[in-house]
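First the structure, in the form of C-alpha cells, and then the observations on it.
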Amino acid sequence: MATLKAVRGTRDLLPPETALWNRVEATARAVFARYGFGEIRTPIFETTELFARGVGEETDIVSKEMYTWEDRGRADSDKGQSLTLRPENTAGVVRAYIEHGLADSGLLQKLFYIGPQFRRERPQRGRYRQFWQIGAEVLGPAWSGSDSALRDAEVLEMLATFLDELGVKGWRLALNSVGSSTDRPRYVEALKAALAPVKAGMCENCQRRAETNPLRVLDCKEAEDQATIDALPKIADYLDDASREHFALVKAALDACGVAYVVEPRLVRGLDYYTRTTFEFTVPDGSGLGTQNALLGGGRYDGLSEMLGGPKAPGIGFAIGEDRLILTLQAQAGEAAEKKLDVFIAPMGVARNAEALRLAQELRRAGLSVEVGDGFFRLKKSFEAADKLARRMIILGEDEVASGILTVKDFAAGEQTKVPRSELAAVLRG
RNA sequence: GCGGCUAUAGUUCAGUGGCAGAACGCCGCUCUGUGGCAGCGGAUGUCGUGGGUUCGAACCCCACUAGCCGCCCCA
C-alpha cells in the first residue's frame, strides 16, 4: 500500500522547530498588546464572493490561486454556495468588522490575527500552499482617526520593534504611496499611454504586463529595461494634494521615531484594495529565503469596507509571512542552542522506577522540567540519554534511597555533587 | 501555470550496465553504580513510484510524484 503523505505544499511542524514558532507568536502577542491590539479569529473559509469583491477578481490570487468548492445544497433543488479557503485574512477581518457593527463604537479598531492561509501556487522555499500569516488591521470610521497618517507610522514603527525584538538582522523597509482610488486609475492610464510607443523595445514580460497590469512593469528587474522604466511617469506626480500630504506626514512621523525606510516609487502591490501607503519589509540575501525575500507586506485600504457593502471605514494593515520569518531566524541564528530539560532522573534497576516517577512528580510540581529514565537502562545508557536531553542527571539507586542523599551530575560543569533530597528542588533551580 | 536541477541507509552523499557502499548517527559488547574517548561487532535500504529496453538496470528510456532553483505572483 502506498504510504500517505502530507499533500504538496503543506508540511508538518515538529519539535524542536515548533518552539521557535511559539516564540515568534508570543513575541507578536506581547508587542501588539503594547500597541493596544486585540486578537480576532475569523473562519478559515468564507464565501468566494468575499474574496472576489475584496481582493479583486483580476488579481492572480483570486483568478487562479484559490481553493474553491461548491458546498452541498440543503435539498436537491438548492444550489450550494461557493466557498473558498481564505487566501489572506484582511477581507475576513473587514467582513467581521462590518457584520458585528464594530463601527458603532465610534472607536478605532485594532485587531491582530495569527493563522493559516491557503493559495494554490507552485511550492518553493518560503512559499507553501498552506502558509501562516501574522497580521493586524487598524480600521474605523473616519472620525475615529483611522485615515490618519499617524496610524500608518504607528503600524510601521510597531513592525520595526517586533522585528528588532525577535532579533531579525538587516531588515529593510520599502515605502511608497499608490495614491487614492481616483489617483491610481489616472496613473495607470498615463502609464499605458507612455508604454505604448516604447514597449516593443522591452522584454517579453514587460510587453505582456503593459497590457495586463501596467503597474507591474515597474517591478521588472531586466537590466536593459531600466532606462525605459526610469523615463516612465512617476506615481508621485499623480497623487492628489491630500494623498501627497498624507505620505509626507507618514515619512515625517517615521523620521521622528527613528525608523529607517527607503521610498521606492516602483513598489506596487498585487492586491486591488490598496490605497495610499504601501510597504514591504525585506531581508538581505543569505537570510534563508532565496528570491522570496519579502518578509511582510501591507498597506492602506481606505475603500475596502465599502467594496464589501459596509460603511466607510478607512484602514491600514499588514501580513507577516510567518513561515518566511521562521526561515530567516533559523538562517540568521545558525544552529540554535538546543533547549534542554532541567534534569534527567536515572533509576538504577526497575525496582527504583516508581520512586523515580514520584521524584519527577515532586520536581515537576516545583516547576522544573524533568525526564525520567527507566531502570532497565544500564547506567551508561542513562548517561548518554541524559546528556542529550538534560543539563543534569540525578542517580537514584539503592544508596540514594536509603540515605536520602542524591547524586547530581552537572554535564556542563562536569561535576558531581551529593544533595539532600529536601534541598533538591532549590539546588536544581539555582 | 511555465522552465531547469534533483530523488540511493536515520542524515550527508559516493556509486554511470555486472554482489548495495562510505562517513556521521543508531544498537550491542569490552564495561551489572559513572557517559562523552577507544577497540570490536551489528542493523541499516520497496536505490521516490509505475512501466519499458537489456541475459542483466540504482545506472539507459518514458510517465508520474515530490523537493529545490528560477519565472509568474505573493507572505
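Each chain gets a letter, A, B and so on, in the order its sequence line appears, and its residues count up from 1.
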Inset, instruction - For E322(A), answer base if it contacts any base atom (sugar-phosphate contacts may also be present), sugar-phosphate if it contacts only those atoms, and nothing otherwise; contact means non-hydrogen atoms under 4.0 Å. - result: nothing

Legend entry - Rounded distance (Å) that lies between atom C1' of A75(B) and atom CD of E137(A): 13 Å

Legend entry - Touch class at under 4.0 angstrom, heavy-atom based, for F318(A) against every strand present: nothing

Inset, instruction - Take the protein atom NZ of K418(A) and the nucleotide atom P of U34(B), then report the distance between them rounded to whole Å. - result: 12 Å

Legend entry - Close side-chain approach of D147(A) to R300(A), heavy-atom, < 4.5 Å: yes

Legend entry - Same-atom distance (P) from C31(B) to G48(B), integer angstrom: 43 Å

Inset, instruction - Just call it for R120(A): base, sugar-phosphate, or nothing, with non-hydrogen atoms closer than 4.0 Å on any strand. - result: sugar-phosphate

Inset, instruction - Measure the shortest side-chain to side-chain distance between S180(A) and T275(A) over non-hydrogen atoms and say whether it is less than 4.5 angstrom. - result: no

Inset, instruction - Determine the contact category for E384(A): base if any of its heavy atoms lies under 4.0 Å from a base atom, sugar-phosphate if only primed atoms, P, OP1 or OP2 are that close, otherwise nothing. - result: sugar-phosphate

Legend entry - Watson-Crick/G-U partner (both atom distances under 3.5 Å) of G41(B): C27(B)

Legend entry - T47(A) vs R95(A) side-chain heavy atoms within contact, under 4.5 Å: no

Inset, instruction - Compare the aromatic ring of F131(A) with the six-membered base ring of A75(B) and state whether they stack according to the 5.5 Å and 30° rule. - result: yes

Inset, instruction - For D399(A), answer base if it contacts any base atom (sugar-phosphate contacts may also be present), sugar-phosphate if it contacts only those atoms, and nothing otherwise; contact means non-hydrogen atoms under 4.0 Å. - result: base

Legend entry - Interatomic distance where CD belongs to E65(A) and P belongs to C2(B) [whole Å]: 14 Å

Legend entry - Rounded distance (Å) that lies between atom C1' of A75(B) and atom CZ of F118(A): 14 Å

Inset, instruction - Give the nucleotide from the list C31(B), C73(B), A75(B) with an atom nearest to the side chain of R378(A). - result: C31(B)

Inset, instruction - Would you kindly compare M348(A) and R324(A) by the position of their nearest RNA chain B nucleotide and give the one closer to the 5′ end? - result: M348(A)

Legend entry - Over 12 foreign heavy atoms within 6.0 Å of CZ, F45(A): no

Inset, instruction - Classify the side-chain pair T161(A)/E157(A) by whether it contains a donor and acceptor separated by less than 3.5 Å. - result: yes

Inset, instruction - Among C27(B), G33(B), G36(B), find the nucleotide with the atom closest to the side chain of K381(A). - result: C27(B)

Inset, instruction - Identify, with sequence neighbours excluded, every residue that meets side chain to side chain donor-acceptor pair (under 3.5 Å) alongside S148(A). - result: none

Inset, instruction - Pick the P atom in C62(B) and in A7(B), then give their distance to the nearest Å. - result: 16 Å

Legend entry - Distance, C1' atom - from G15(B) to C47(B), rounded to whole angstrom: 11 Å

Legend entry - Nearest-nucleotide pick for E121(A), side chain only, options being G33(B), C74(B), C73(B): C73(B)

Legend entry - Protein-nucleotide distance (E280(A), atom CD; C74(B), atom C1'), rounded to Å: 9 Å

Inset, instruction - Give a yes/no answer on whether the side chain of K409(A) brings an N or O atom under 4.0 Å of OP1 or OP2 in G33(B). - result: no

Legend entry - Pairwise C1' distance, C29(B) and A43(B) [rounded to whole Å]: 15 Å

Inset, instruction - Look at all strands and tell whether G297(A) reaches a base, only sugar-phosphate, or nothing, counting heavy atoms closer than 4.0 Å. - result: sugar-phosphate

Inset, instruction - For nucleotides C24(B) and U44(B), find the distance between their C1' atoms and express it as a whole number of Å. - result: 13 Å

Inset, instruction - Would you mind telling me which residue lines up with the more 5' stretch of RNA chain B, G321(A) or L379(A), judged by nearest nucleotide? - result: L379(A)

Inset, instruction - In whole angstrom, give the distance that lies between atom CD1 of I61(A) and atom C1' of C72(B). - result: 13 Å

Legend entry - Pairing of D230(A) and R266(A) as salt bridge, 4.0 angstrom limit: yes

Inset, instruction - Go through the N and O atoms of the side chain of E400(A) and the base of G33(B), and report whether any donor-acceptor pair is under 3.5 Å. - result: yes

Legend entry - Distance in angstrom units between F51(A) CZ and C74(B) P, rounded: 17 Å

Legend entry - Assigned partner base of C71(B), Watson-Crick or wobble definition, under 3.5 Å: G1(B)

Inset, instruction - Identify the nucleotide, in any strand shown, that forms a Watson-Crick or G-U wobble pair with U32(B), with both distances under 3.5 Å; if there is none, say none. - result: none

Inset, instruction - For E88(A), answer base if it contacts any base atom (sugar-phosphate contacts may also be present), sugar-phosphate if it contacts only those atoms, and nothing otherwise; contact means non-hydrogen atoms under 4.0 Å. - result: nothing

Is there any protein nitrogen or oxygen under 3.5 Å from a nitrogen or oxygen in nucleotides 66-71 of chain B, and what are the pairs?
unit_1, atom_1, unit_2, atom_2, d
G67(B), OP1, G9(A), N, 3.3
G67(B), OP2, R8(A), NH1, 2.6
C69(B), OP2, R125(A), N, 2.7
G70(B), OP1, T291(A), N, 3.4
G70(B), OP2, T291(A), OG1, 3.2
G70(B), N7, Q124(A), NE2, 3.4
C71(B), N4, R127(A), NH2, 3.1

Inset, instruction - Look at R421(A) together with E355(A) and state whether they make a salt bridge at an N to O cut-off of under 4.0 Å. - result: yes

Inset, instruction - Could you check how far CG of L159(A) sits from C1' of A75(B), rounded to whole Å? - result: 13 Å

Inset, instruction - Determine the Euclidean distance between corresponding C1' atoms of C13(B) and U8(B); express it in Å to zero decimal places. - result: 9 Å

Inset, instruction - Name the nucleic acid region contacted by L295(A), choosing base, sugar-phosphate or nothing; use a 4.0 angstrom heavy-atom cut-off, strictly under. - result: sugar-phosphate

Legend entry - Rounded distance in Å between the P positions of C55(B) and G50(B): 23 Å

Inset, instruction - State whether the number of non-hydrogen atoms from other residues, nucleotides or ligands found under 6.0 Å of D71(A) atom CG is greater than 12. - result: yes

Inset, instruction - Please examine the side chains of K110(A) and R151(A), heavy atoms only from C-beta on, and report whether any two atoms are closer than 4.5 Å. - result: yes

Inset, instruction - For C26(B) and G10(B), measure between their P atoms and round to the nearest Å. - result: 15 Å

Legend entry - Opposite nucleotide pairing with C55(B), Watson-Crick or G-U, both atom distances under 3.5 Å: G18(B)

Legend entry - Salt-bridge present (R276(A), D152(A); N to O < 4.0 Å): no

Legend entry - Complementary nucleotide for A66(B) - Watson-Crick or wobble, under 3.5 Å: U6(B)

Inset, instruction - Would you mind pulling out the nucleotide paired to C47(B), Watson-Crick or G-U wobble, both distances under 3.5 Å? - result: none

